[in-house]
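One is the number of the first residue; the rest follow in order along the sequence. Nothing here was measured: the structure is a model prediction, and the numbers come from that model. Computation of the quantities below employed the complete heavy-atom set of this structure, encompassing side-chain atoms and omitting hydrogens, waters and symmetry-equivalent molecules.
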Amino acid sequence: MEWSRQLKFFISSVVMIVVMSYSNIAALASSGTLIPMGNSIGIQLELAGVFVTSDVPFSKKNSSLQAGDQLMSIDGVSVKSLQILHDQAGKVEDEATVKLKLRREEAEVEVEADGLSFKRALPFLKDTTEGTGTLTYVDLNDGTYGALGHQIIDSSLNSAPNFDSGSIYLSEIEQIKKSSPGNPGYKISSIIDQEKTLGSILTNSVYGIFGDWNTSYKQVLPEALEVMQPTDLSVGKAEILTTIQGTEVESFEIEISKLAHDSFQFKLTDQRLLEKTGGILQGMSGSPVIQKGKFVGAVTHMFVDEPEKGAGLFLGKMTEVGAK
């Protein structure tokens, strides 16, 4: 961000970051129009292996698992999923010595544990990760979507794990924990139907998640809007589209207050929204920003000490990176 003073930012979403190259997404904003969304989405990724979520010491001297480690094998048996891991753990005696091969940062590490200590470590291993956010746009011209407007970081790993596949789902807001100065609030939501994906996740970049849209999804989509050029955005009234209750996307007033090259700053002015949320929430990132009937960009950050204030990313920058 290019603000003239340093401010604390909080990425208004949970989960992970990984940049994954792909070649089958076309230029997302080539048509000059995109459909603004604002729906709350659940995000799920199948990780490329089994990862350690917390430091776990073993009884053997100088032997432990560290958060972010990838478990490669157990006693020579390759481990690519939690199912394989649990199957193998069921064969291990409590007193037996288990040899584990790990990938730690860029190096391979071998550690030993007794069977009981190893089994107690199982709850701290995972092969999936999930979170919530807001769907920014859909482009029916090439069947793609974009969401979030920023990187997704896996909070338990505090790293950027690779993933094999991923999906987004329509989610329902069940409860709001309000933001207050110094304490970011959040949405409590759940996926409506695990069998119906809105789209696949092909990449997770510094400007959001992108992938193929499920064109069979039956919900009636809003009308496409012209993408606003950054030079056309002006200080003054605008609106955001977001979901704060159930699945309904609503429009709320904001005030654009500062402009930068790739981003802008704004303040929530809608009293109904402020009374409900206290400010910007975790999970609100990706909410479309509209001014004068044109699609400006997406909400990406909040100011922790002033939760009614936030920052956004111009849509052109988001789609430019997403198309690579």
(message) Rounded at 0.5 Å granularity, tell me how far CG in L259 sits from OG in S234.
(response) 8.0 Å
(request) Assess whether side-chain hydrogen bond (donor to acceptor under 3.5 Å, both in side chains) is satisfied between E239 and S251, documenting all intermediate values. (result) CA-CA 6 Å; E239 61 182 301; S251 171; 2.3 Å; yes
(message) Can you tell whether the side chains of E255 and K267 come within less than 4.0 Å, N to carboxylate O?
(response) no
(request) May I ask you to check whether T197 and S167 show a side-chain donor-acceptor distance below 3.5 Å? (result) no
(request) Answer yes or no: does atom NZ of K101 have more than 12 heavy-atom neighbours from other residues, nucleotides or ligands under 6.0 Å? (result) no
(request) State which residues pass salt bridge (charged side-chain N to carboxylate O under 4.0 Å, His left out) with D193; sequence neighbours excluded, sorted by chain then number. (result) none
(request) Return yes if some donor-acceptor pair links the side-chain N/O of K237 with the main-chain N/O of Q291 below 3.5 Å, else return no. (result) no
(message) Does E174 form a side-chain hydrogen bond (donor to acceptor under 3.5 Å, both in side chains) with S190? I'd like the steps, not just the answer.
(response) CA-CA 7 Å; E174 299 171 342; S190 62; 2.6 Å; yes
(message) So, using ring-ring contact (aromatic ring centres under 6.0 Å, His included) as the criterion, who are the partners of F118 when residues are at least two apart?
(response) none
(request) Tell me, yes or no, whether the heavy-atom count around K119 atom NZ, taken from other residues, nucleotides or ligands under 6.0 Å, exceeds 12. (result) yes
(message) Main chain of A311, side chain of T300: is a donor-acceptor contact present, judged purely on distance under 3.5 Å?
(response) yes
(message) For the OH atom on Y186, are there more than 12 heavy atoms of other groups (residues, nucleotides or ligands in this structure) within a distance under 6.0 Å?
(response) no
(request) Would you confirm whether T136, through its side chain, and G286, through its main-chain N or O, come within 3.5 Å as a donor-acceptor pair? (result) yes
